[in-house]
Undergrad: 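Structure provided below as C-alpha cells; questions to follow.
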Amino acid sequence: MKTDTDNSADSDSSNFIHNMIAEDVANGKHQGLVATRFPPEPNGYLHIGHAKSICLNFGMAKEFGGWTNLRFDDTNPDKESEEYMSAIKRDVEWLGFSWKSLCYASDYFDQLYDFAVALVKKGAAYVDSLSADEIREYRGTLKAPGKDSPYRNRTVDENLNLLEGMKNGDFDEGEHVLRLKIDMASSNINLRDPAIYRIKKTHHYRTGDKWNIYPLYDYTHCLSDAIEGITHSLCTLEFEDHRPLYNWVLEQTQPAGRPEQTEFGPLNLEYTVLSKRRLIQLVQSGVVDGWDDPRLPTISGLRRRGFTPASLIEFCKRIGVTKSAAVIEMQVLENTIREELNESAPRRMAVLDPLKVVITDWPTDHVQALEVANHPNQPEAGNRTINFTRELYIERSDFEEVPPPKFKRLVPDGEVRLRSGYVIKCDEIIKDADGNIVELHCSHDADTLGKKPEGRKVKGVVHWVSASDSVQASVRIYDRLFNRENPMAEEDFMDALNPDSLSIFEHAQVEPNLASASPETRFQFERQGYFVADLDTSEAHPVFNRVVALRDTWAK
RNA sequence: UGGGGCGUAGCCAAGCGGUUAAGGCACCGGGUUUUGAUCCCGGCAUGCGUAGGUUCGAAUCCUACCGCCCCAGCCA
C-alpha cells in the first residue's frame, strides 16, 4: 500500500501522547478540548527534566488550541516556600511559556475538605487511629496482603466528629489520619486504604495557620485536575500504579470534570542528577554555588551557563516522549546550544592563559587597526576593529618547544598564522632562571595580511590579542559535575563528584569590546568555544562562562 | 505467577502486516576552510531481547522464556 507521504508527521513531535490526544480530539472527546497543567511542588528549583514536562504539557495544549495551567502542588508545607514558587514561575516564563491560570492546590483546600466529608458520609473514608508504624505493618508487603485496621468500621458519625476534630486542631500530629476505604488486600499497594489527610500543624506559606490537616497527593491531584477542567493529566511513569487510585477518587466524588491521566518516561541525563532531593543536597552542602550554579542541570543553572530557551526546547524535542527509561547523553544537550550559537554568536578572540609574543620587527609604538569579521559565514554580521601591536598574547598551549606529532601551532623556528592577522615566525624563546618560558620573540611576514604566504604553506592558525589593547577578564570553564555516568549508582552520589568541574582563568586577556558586554550576551571565542557574559560581569571585571567547547577532533 | 511498565545501532527514536528498518546525537572516512570550528559528500542494524508459531509475507499478530525499571511515605 502506498503511504501517502505522511502529513501526520508534520508535527515534528509525533509521540504516543501526541497521537492519543490527536485521536481524542478527532473523536470529540472532552468536546475536543485539550487542557493540561504543569503541576510542580514548590519545594525546589526546576531542572531540565521539568523542561521536558513543560514542553509536553504546554506543547500539546498549544498544538490543539487548548490551554495550560501552572499549578503549584503545595500540599506539604514542611517543604514548600515562596522562594521556590517565584523561582519556578520565573523559569517557566523564561522558557517562554504562558499559562492560562496560575493555580494552587492550596486554593482548593476547602473544596477538598468538603469532598472528604462527603466520602466519609458515604462510607468511603474513615479516620484511622493507628500509628504510622502500625499502619505500615497492617499494609502488608509487596507479596503479602494487608489487613484491616481495627478502626476501619467506625460509624459515619464517629468519623465525622474525628475529622472535624482533626481539622480544628484538637489532636496532635500522628494521632489520626483520614483514609480511603478501598481494599487492604489489593495487589496494588496504592489501593490498600491510602491516607488522604494527615494532621500537620505547620504554617503554610499561603494558607498560613488556617489548616491543621493537609490533603495528600493522590487525593489532591486528581481533584485539582477535575476542578480546573483539565482534560489530559500528563505525569511521569512512577505514577502509573496510582492511576487506579486517581480514577477511584474521581468515581467516588463525581466532580464536574473528568480528567484522564497518562504517564510518560521521565528524563535521565548522564553525568548528573535530576532529583530535587539531590539537587537540594548539592546546593545546601555548598558543593555548588547556589541553585543557578552553571554546572547544575537546573533551568536557572543552564540559563547562567549560557543555554537559551530555544536550545532547551529543541533538546526536549530531540529526546522524544516514550515510556522507556531513557538515559540521554550529554552531547545531545550540548549539541543543541552549539548548533544555535554557531549561527548566532559573534566571534571574538580571548586568550585564557596568556603567553607574551614580541614581534621584534614591528615598530614599538605602531598600532595597526584590523577590520575583522564578526562571523566567518555571515558577512551581514559586520566587522569590528582590533589592534595589532608589537606585543601580543597567544595561548600558552599554542606553543610547544617539543611538539607532539601533527601539532600545527607555533614551534621553535616555525610559522603560524595569527587569526585575521599576519603570519609570524618564532625566532627565540625567552626563559626565566627556572627555565619557564616567559615570552617568545617572533618576526612577521608583512605580506601575509589577508593573503597566503609566498611559496610555502602555513597550516596553523592561532588566536591572539594585543598586549596593550586588550583587557583582563575572568573566564570560567565548566566540566561535568560528576565523573560517573550514573552518580545514583554509587553508594553515595556525592562520591562521584568531579573535583575539577570548575576551572577559573583569572588572568585571561580579551578583546577590549568584550568589557562592555552585558550579562547573558553570547560569543564564540574563536577556536575555543561559546561563552556567555556572566551575571557578575562588569566593565571593570569582565566575567565569562564557557557554555560549551567547540567540537575538537584534534583533542581526541 | 504480588502488581504495574519497558526492551529497534554506542545513546535517543520513528515504525502499528508488504519500505532498501526514518531522523538526531556519537563515531569513522573524504572535500572546502585564515577557527583542528562551520559547511559539503560518503559510511555506520541482512537486523528489531531470545526461541518457537500464524501468514504468500512479521520489528509489527500469537505463545513461552530472558533482561531491565517502578511500587510497601501520615512525600510529591
Side-chain angles (χ1 to χ4, degrees), chain A residues 1-3 6 9 12 14-15 19 39-41 43 73-76 78-79 128 130-132 135-137 139-146 173-179 186-192 194-200 213-214 216-218 220-221 235-244 263 265 270 276-277 317-336 338-339 342-343 347 349 375-377 406-409 417-421 423 448 450-452 458-463 524-529 549-556:
Chain A
M1 188 187 351
K2 190 151 190 171
T3 49
D6 257 71
D12 38 42
S14 170
N15 60 61
N19 297 158
E41 180 187 13
N43 66 341
D73 223 334
D74 53 356
T75 58
N76 185 354
D78 289 343
K79 299 181 175 178
D128 196 355
L130 251 24
S131 70
I135 285 181
R136 188 180 320 117
E137 284 167 29
R139 185 155 34 229
T141 68
L142 292 179
K143 294 184 181 180
E173 292 187 9
E175 264 193 84
H176 306 290
V177 76
L178 184 68
R179 292 230 253 172
S186 174
S187 53
N188 181 345
I189 290 200
N190 296 298
L191 262 22
R192 318 241 264 230
I196 60 169
Y197 269 97
R198 78 289 218 187
I199 297 169
K200 198 182 276 289
I213 56 173
Y214 292 95
L216 283 137
Y217 170 85
D218 285 306
T220 308
H221 206 90
C235 64
T236 43
L237 249 28
E238 69 266 31
F239 294 105
E240 246 169 340
D241 288 342
H242 296 238
R243 197 189 330 136
E263 312 83 10
E270 272 185 354
K276 280 188 192 161
R277 178 161 129 57
K317 188 171 121 190
R318 289 184 189 188
I319 60 176
V321 179
T322 67
K323 297 190 75 165
S324 62
V327 180
I328 310 296
E329 292 178 334
M330 214 35 119
Q331 295 99 295
V332 180
L333 215 208
E334 292 176 346
N335 185 259
T336 60
R338 199 184 270 132
E339 210 169 83
N342 175 49
E343 288 299 313
R347 273 53 173 173
M349 289 202 281
H375 193 115
N377 313 323
K406 294 187 178 172
F407 187 77
K408 43 186 243 195
R409 306 172 191 178
R417 158 80 64 183
L418 290 178
R419 172 70 166 159
S420 303
V423 167
T448 53
K451 340 166 152 168
K452 294 191 188 309
V458 173
K459 280 181 297 187
V461 178
V462 143
H463 59 276
Q524 183 197 89
F525 288 173
E526 290 201 86
R527 301 208 312 132
Q528 307 196 87
L550 252 32
R551 234 189 231 105
D552 187 355
T553 49
W554 160 252
K556 293 170 183 170

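Residue numbering restarts at 1 for every chain, and letters A, B, ... go by the order of the sequence lines.
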Undergrad: Please enumerate all residues that pass side-chain contact (heavy atoms from CB on, under 4.5 Å) together with A:Pro145, with sequence neighbours excluded.
TA: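 Residues passing side-chain contact (heavy atoms from CB on, under 4.5 Å) with A:Pro145: A:Ala185.
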Undergrad: For A:Lys276, is there an ion pair with A:Glu41 - N to carboxylate O distance below 4.0 angstrom?
TA: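 Looking at A:Glu41 and A:Lys276, the cut-off is not met.
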Undergrad: Rounded to whole angstrom units, what separation is found between the CE atom of A:Met330 and the C1' atom of B:C25?
TA: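 After rounding, the reported distance stands at 14 Å.
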Undergrad: Spell out protein contact along nucleotides 35-41 of chain B as letters: B when the base is contacted, S when just the sugar-phosphate is, - when no protein heavy atom is under 4.0 Å; keep the 5' to 3' order.
TA: BBSB---
Undergrad: Given that both distances must come in under 3.5 Å, which nucleotide forms a Watson-Crick or G-U wobble pair with B:A59?
TA: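 By the stated definition (distances under 3.5 Å), nothing pairs with B:A59.
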Undergrad: Base, sugar-phosphate or nothing for A:Leu130? Non-hydrogen atoms, less than 4.0 Å.
TA: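 The answer is base, as A:Leu130 lies within the cut-off (heavy atoms under 4.0 Å) of a base atom.
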Undergrad: Should B:G7 form a Watson-Crick or G-U wobble pair with both distances under 3.5 Å, which nucleotide is its partner?
TA: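 By the stated definition (distances under 3.5 Å), B:C66 pairs with B:G7.
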Undergrad: Would you classify A:Ala132 as touching base, sugar-phosphate or nothing, given that sugar-phosphate means primed atoms plus P, OP1 and OP2, and contacts are heavy atoms under 4.0 Å?
TA: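 Since a base atom lies under 4.0 Å of A:Ala132, the category is base.
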Undergrad: Residues in ring-ring contact (aromatic ring centres under 6.0 Å, His included) with A:Tyr214, at least two apart?
TA: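 With neighbours one apart ignored, the set is A:Phe109, A:His204.
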Undergrad: Check salt bridge (charged side-chain N to carboxylate O under 4.0 Å, His left out) between A:Arg347 and all other residues, then give those that pass, not counting sequence neighbours.
TA: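 So A:Arg347 forms no salt bridge (charged side-chain N to carboxylate O under 4.0 Å, His left out) with any residue.
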Undergrad: What distance, rounded to whole Å, do you find between the two P atoms, one in B:G24 and one in B:C62?
TA: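 These two P atoms come out 32 Å apart once rounded.
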Undergrad: I need the A:His463 NE2 to A:Phe525 CZ distance, nearest 0.5 Å.
TA: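 Separation between the atoms: 10.0 Å.
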Undergrad: Whole-Å distance between B:G23 P and A:Lys317 NZ?
TA: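 Computing the A:Lys317:NZ to B:G23:P distance gives 16 Å.
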Undergrad: Counting any heavy atom closer than 4.0 Å, what does A:Gly146 reach on the DNA or RNA strands: base, sugar-phosphate only, or nothing?
TA: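 No contact at all - A:Gly146 keeps every heavy atom at 4.0 Å or more from the nucleic acid.
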Undergrad: Could one point to a donor on the side chain of A:Glu263 or the base of B:G5 with an acceptor on the other under 3.5 Å away?
TA: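 Not at all, since no donor on one side and acceptor on the other fall under 3.5 Å apart.
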Undergrad: For A:Gly450, report the nucleic acid contact type (base, sugar-phosphate, nothing); a contact means any heavy atom under 4.0 Å.
TA: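 A:Gly450: base contact, heavy atoms under 4.0 Å.
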Undergrad: For nucleotides B:G67 and B:G49, find the distance between their P atoms and express it as a whole number of Å.
TA: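 Their P atoms lie roughly 16 Å apart.
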Undergrad: It should be established whether A:Ser14 places a side-chain nitrogen or oxygen under 4.0 Å from OP1 or OP2 of nucleotide B:A13.
TA: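 Checking B:A13 against A:Ser14, no side-chain N or O comes under 4.0 Å of OP1 or OP2.
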Undergrad: Could you state the atom-to-atom distance from CG of A:Asp218 to P of B:C74 in whole Å?
TA: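 Value for this atom pair: 10 Å.
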Undergrad: Using O4'-C1'-N9-C4 for purines and O4'-C1'-N1-C2 for pyrimidines, with syn meaning within 90° of 0, is B:G73 syn or anti?
TA: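 The base of B:G73 is oriented syn (glycosidic angle within 90° of 0).
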Undergrad: State which residues pass salt bridge (charged side-chain N to carboxylate O under 4.0 Å, His left out) with A:Lys79; sequence neighbours excluded, sorted by chain then number.
TA: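 For A:Lys79 there are no salt bridge (charged side-chain N to carboxylate O under 4.0 Å, His left out) partners, ignoring immediate neighbours.
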Undergrad: Say you draw a straight line from CG of A:Asn342 to NE2 of A:His375; how long is it, rounded to the nearest 0.5 Å?
TA: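 Those atoms lie 5.5 Å apart.
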Undergrad: When all nucleic acid strands are considered with a 4.0 Å heavy-atom cut-off, which category describes A:Val327: base, sugar-phosphate, or nothing?
TA: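 A:Val327: backbone/sugar contact only, no base atoms under 4.0 Å.
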Undergrad: Could you go through nucleotides 67-72 of chain B and list every protein N or O atom that sits under 3.5 Å from one of its N or O atoms, giving the distance for each pair?
TA:
from: B:A72; atom 1: O2'; to: A:Arg139; atom 2: NE; distance (Å): 3.0

Undergrad: Could you work out the separation of B:G30 and B:G17 based on their C1' atoms and round it to a whole Å?
TA: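 After rounding to an integer number of Å, I get 41 Å for this pair.
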Undergrad: Please state the C1' separation for the pair B:U32 and B:A37 - nearest whole angstrom.
TA: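 Between the two C1' atoms, the distance is 13 Å.
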Undergrad: When rounded to the nearest Å, what value does the distance between P atoms of B:C44 and B:U34 take?
TA: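 So the two P atoms sit 32 Å from each other.
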Undergrad: Could you state the interatomic distance from CD (A:Glu334) to CZ (A:Arg551), rounded to the nearest 0.5 Å?
TA: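 So the CD of A:Glu334 and the CZ of A:Arg551 are separated by 10.0 Å.
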Undergrad: If you compare every side-chain N and O of A:Arg179 against the phosphate oxygens of B:G73 (OP1, OP2), does one of them come in below 4.0 Å?
TA: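 No, outside the criterion.
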Undergrad: Rounded off to whole Å, could you give me the CD1-to-C1' distance for the A:Ile196 and B:G73 pair?
TA: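 It works out to 15 Å between those atoms.
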Undergrad: Using a heavy-atom cut-off of 4.0 Å across all strands, would you classify A:Leu216 as base, sugar-phosphate, or nothing?
TA: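 Sugar-phosphate, backbone atoms only, no base.
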Undergrad: Roughly how far apart, to the nearest Å, are B:U46 and B:A58 at atom C1'?
TA: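 Nearest-Å result for B:U46 against B:A58 at atom C1': 15 Å.
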Undergrad: Taking any heavy-atom pair under 4.0 Å as a contact, classify A:Thr322: base, sugar-phosphate, or nothing.
TA: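 Sugar-phosphate: the residue A:Thr322, judged by heavy atoms under 4.0 Å, touches backbone atoms but no base.
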Undergrad: Between A:Lys200 (NZ) and B:G73 (P), how many Å, whole number?
TA: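 Answer to the nearest Å: 15 Å.
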Undergrad: Separation of A:Asn335 atom CG from B:G24 atom P, in whole Å?
TA: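 One finds 11 Å between P of B:G24 and CG of A:Asn335, rounded.
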Undergrad: Rounded to the nearest angstrom, tell me the gap between atom CG in A:Asn15 and atom P in B:G24.
TA: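 After rounding, the reported distance stands at 19 Å.
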Undergrad: Which nucleotide, in any strand shown, forms a Watson-Crick or G-U wobble pair with B:U54, with both distances under 3.5 Å?
TA: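 Per the H-bond distance test, none.
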Undergrad: Let me confirm one number: the CG-CG distance from A:Asn76 to A:Leu216, rounded to the nearest 0.5 Å.
TA: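 Rounded to the nearest 0.5 Å, the CG-CG separation comes out at 8.0 Å.
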Undergrad: Distance check, P atoms only: B:G10 and B:C27, in whole angstrom units.
TA: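 My reading of the P atoms in B:G10 and B:C27 gives 15 Å.
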Undergrad: The side chain of A:Gln331 is closest to which nucleotide in this list: B:A26, B:C6, B:C12?
TA: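 Selected nucleotide: B:A26.
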Undergrad: In whole Å, I'd like the distance from the CD atom of A:Glu270 to the C1' atom of B:C25.
TA: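 Rounded to the whole Å, the gap is 11 Å.
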Undergrad: Looking at A:Lys143, does any N or O in its side chain come under 4.0 Å of the phosphate oxygens OP1/OP2 on B:G3?
TA: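 For A:Lys143, the contact criterion (side-chain N or O under 4.0 Å from OP1 or OP2 of B:G3) is not met.
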Undergrad: For A:Asp78 and A:Thr448, find the nucleotide of RNA chain B closest to each by heavy atoms; which residue's nucleotide sits nearer the 5' end?
TA: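 Of the two residues, A:Thr448 wins.
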Undergrad: Just compare B:A76, B:C74, B:C25 and give me whichever is closest to any side-chain atom of A:Val332.
TA: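 The answer is B:C25, which lies nearest to the side chain.
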Undergrad: Taking only residues two or more places apart in sequence or in another chain, which ones pass side chain to side chain donor-acceptor pair (under 3.5 Å) with A:Arg338?
TA: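 With neighbours one apart ignored, the set is empty.
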Undergrad: Given that A:Pro39 and A:Glu240 both sit by RNA chain B, which one's nearest nucleotide is further toward the 5' end?
TA: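 The residue whose closest nucleotide sits nearer the 5' end is A:Glu240.
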Undergrad: Under the salt bridge (charged side-chain N to carboxylate O under 4.0 Å, His left out) rule, collect the residues that match up with A:Arg136, sequence neighbours excluded.
TA: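 Testing A:Arg136 for salt bridge (charged side-chain N to carboxylate O under 4.0 Å, His left out), a comparison that skips the adjacent residues, returns A:Asp133.
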Undergrad: Under 3.5 Å for both donor-acceptor distances, Watson-Crick or wobble: does B:G2 have a partner, and if so which one?
TA: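 WC or wobble partner is B:C71.
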Undergrad: What's the separation between atom CD1 in A:Ile189 and atom NE2 in A:His242, rounded to the nearest 0.5 Å?
TA: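 It comes to 10.5 Å.
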Undergrad: Sort out the partner of B:G29 for me: Watson-Crick or G-U wobble, both distances under 3.5 Å, none otherwise.
TA: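 Matched B:G29 with B:C41 under the 3.5 Å cut-off.
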Undergrad: Take atom P in B:C16 and the same atom in B:G7, then report the distance between them in whole Å.
TA: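 Those two atoms are separated by 15 Å.
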Undergrad: Which part of the nucleic acid, if any, lies within reach of A:Ser324 when heavy atoms closer than 4.0 Å are counted: base, sugar-phosphate only, or nothing?
TA: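 Contact class for A:Ser324: sugar-phosphate only.
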Undergrad: Go through the structure and list residues passing side-chain contact (heavy atoms from CB on, under 4.5 Å) with A:Tyr217, not counting sequence neighbours.
TA: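 With sequence neighbours excluded, A:Tyr217 shows a side-chain contact (heavy atoms from CB on, under 4.5 Å) to A:Asp73, A:His221, A:Phe239, given in chain and number order.
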